Amino acid sequence: IAGITQAPTSQILAAGRRMTLRCTQDMRHNAMYWYRQDLGLGLRLIHYSNTAGTTGKGEVPDGYSVSRANTDDFPLTLASAVPSQTSVYFCASSDSAGTSADTQYFGPGTRLTVL
Amino acid sequence: LAKTTQPISMDSYEGQEVNITCSHNNIATNDYITWYQQFPSQGPRFIIQGYKTKVTNEVASLFIPADRKSSTLSLPRVSLSDTAVYYCLVGFFSGGYNKLIFGAGTRLAVHP
């Protein structure tokens with residue numbers, strides 16, 4: 001089934017450890033996004049990529065890094081996890097160049113707990 | 001950084017019309033307004049999008065006044081399955097980048 005896949009589904013991580021959340025889309029969309037969702041704060045954009053080879057910072061980029069080596073994959077890395085990064089992480093993609101006119105398609109999410 | 005504002009929660013009953021308003025004072029000239037729906041343990045999914053005036057699809061209507069500083073999502077005759085969180089999305093230009101901002105979301109509870 002076409003769409004966005006994320007891995008892992010959930011993870012418990014010790015503080016200070018490195019973690020990469022994976023995101024893959026098979027719709028050949030140009031733009032991809034990473035959001036975190038916290039209770040009462042809604043969805044906040046972490047990083048985005050308007051096309052393969054480019055990335056940009058969103059609203060809450062500190063402590064996270066991304067890469068976009070190809071169209072399909074957009075991994076999110078926590079170099080040294082901290083408890084405040086406990087959240088649900090959603091990856092999304094859209095067909096165009098990352099404007100608000102795009103329809104974004106979301107993955108099922110990764111629930112991350114940092115202890 | 002500019003942001004959107006929505007009511008935190010709303011309650012309704014089956015068969016009623018529900019209107020959810022989002023404020024977005026600093027919306028950019030070329031930005032569209034998009035609404036998403038999210039069920040528990042799922043990612044958000046697209047409902048409707050508009051630029052100005054009124055847009056209607058099979059699921060909802062979207063009303064946008066001339067100044068575009070707010071928008072109202074209208075759900076006709078809601079059912080229990082419409083219980084979800086609804087997000088308003090607009091894009092803001094800040095520091096030369098088009099940063100997409102979700103509102104905090106409105107939790108809609110539909111009662112029998």
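Just so you know, these numbers come straight off a predicted model, no measurement behind them. Below, read A as the first sequence line, B as the second, and so on, with proteins coming before strands; counting in each chain starts at 1.
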Novice: Side chain, backbone, both or neither: which part of A/Q6 has a non-hydrogen atom closer than 4.5 Å to chain B?
Specialist: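 Interface part for A/Q6: neither.
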Novice: Should we say atom CZ of A/R44 is surrounded by more than 12 heavy atoms from elsewhere, each under 6.0 Å from it?
Specialist: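 Yes, CZ of A/R44 has more than 12 neighbouring heavy atoms, counting only those of other groups under 6.0 Å.
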Novice: Say you draw a straight line from CD of B/Q38 to CZ of A/F106; how long is it, rounded to the nearest 0.5 Å?
Specialist: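 It comes to 8.0 Å.
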Novice: To the nearest 0.5 Å, how far apart are OG1 in A/T103 and CG in B/L89?
Specialist: 10.0 Å
Novice: Using a 6.0 Å cut-off, check whether atom OH of B/Y51 has over 12 heavy atoms from anything other than its own residue.
Specialist: yes
Novice: In terms of hydrophobic clusters joined by side-chain contacts under 4.5 Å, are A/L112 and A/Y33 together?
Specialist: no
Novice: How about A/Q104 and B/Y36: do any of their side-chain heavy atoms sit closer than 4.5 Å?
Specialist: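 Contact flag for A/Q104/B/Y36 side chains = yes.
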Novice: Taking atom CG of A/L115 as the centre, does the number of heavy atoms from other residues, nucleotides or ligands within less than 6.0 Å exceed 12?
Specialist: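 For A/L115, atom CG is crowded (more than 12 foreign heavy atoms under 6.0 Å).
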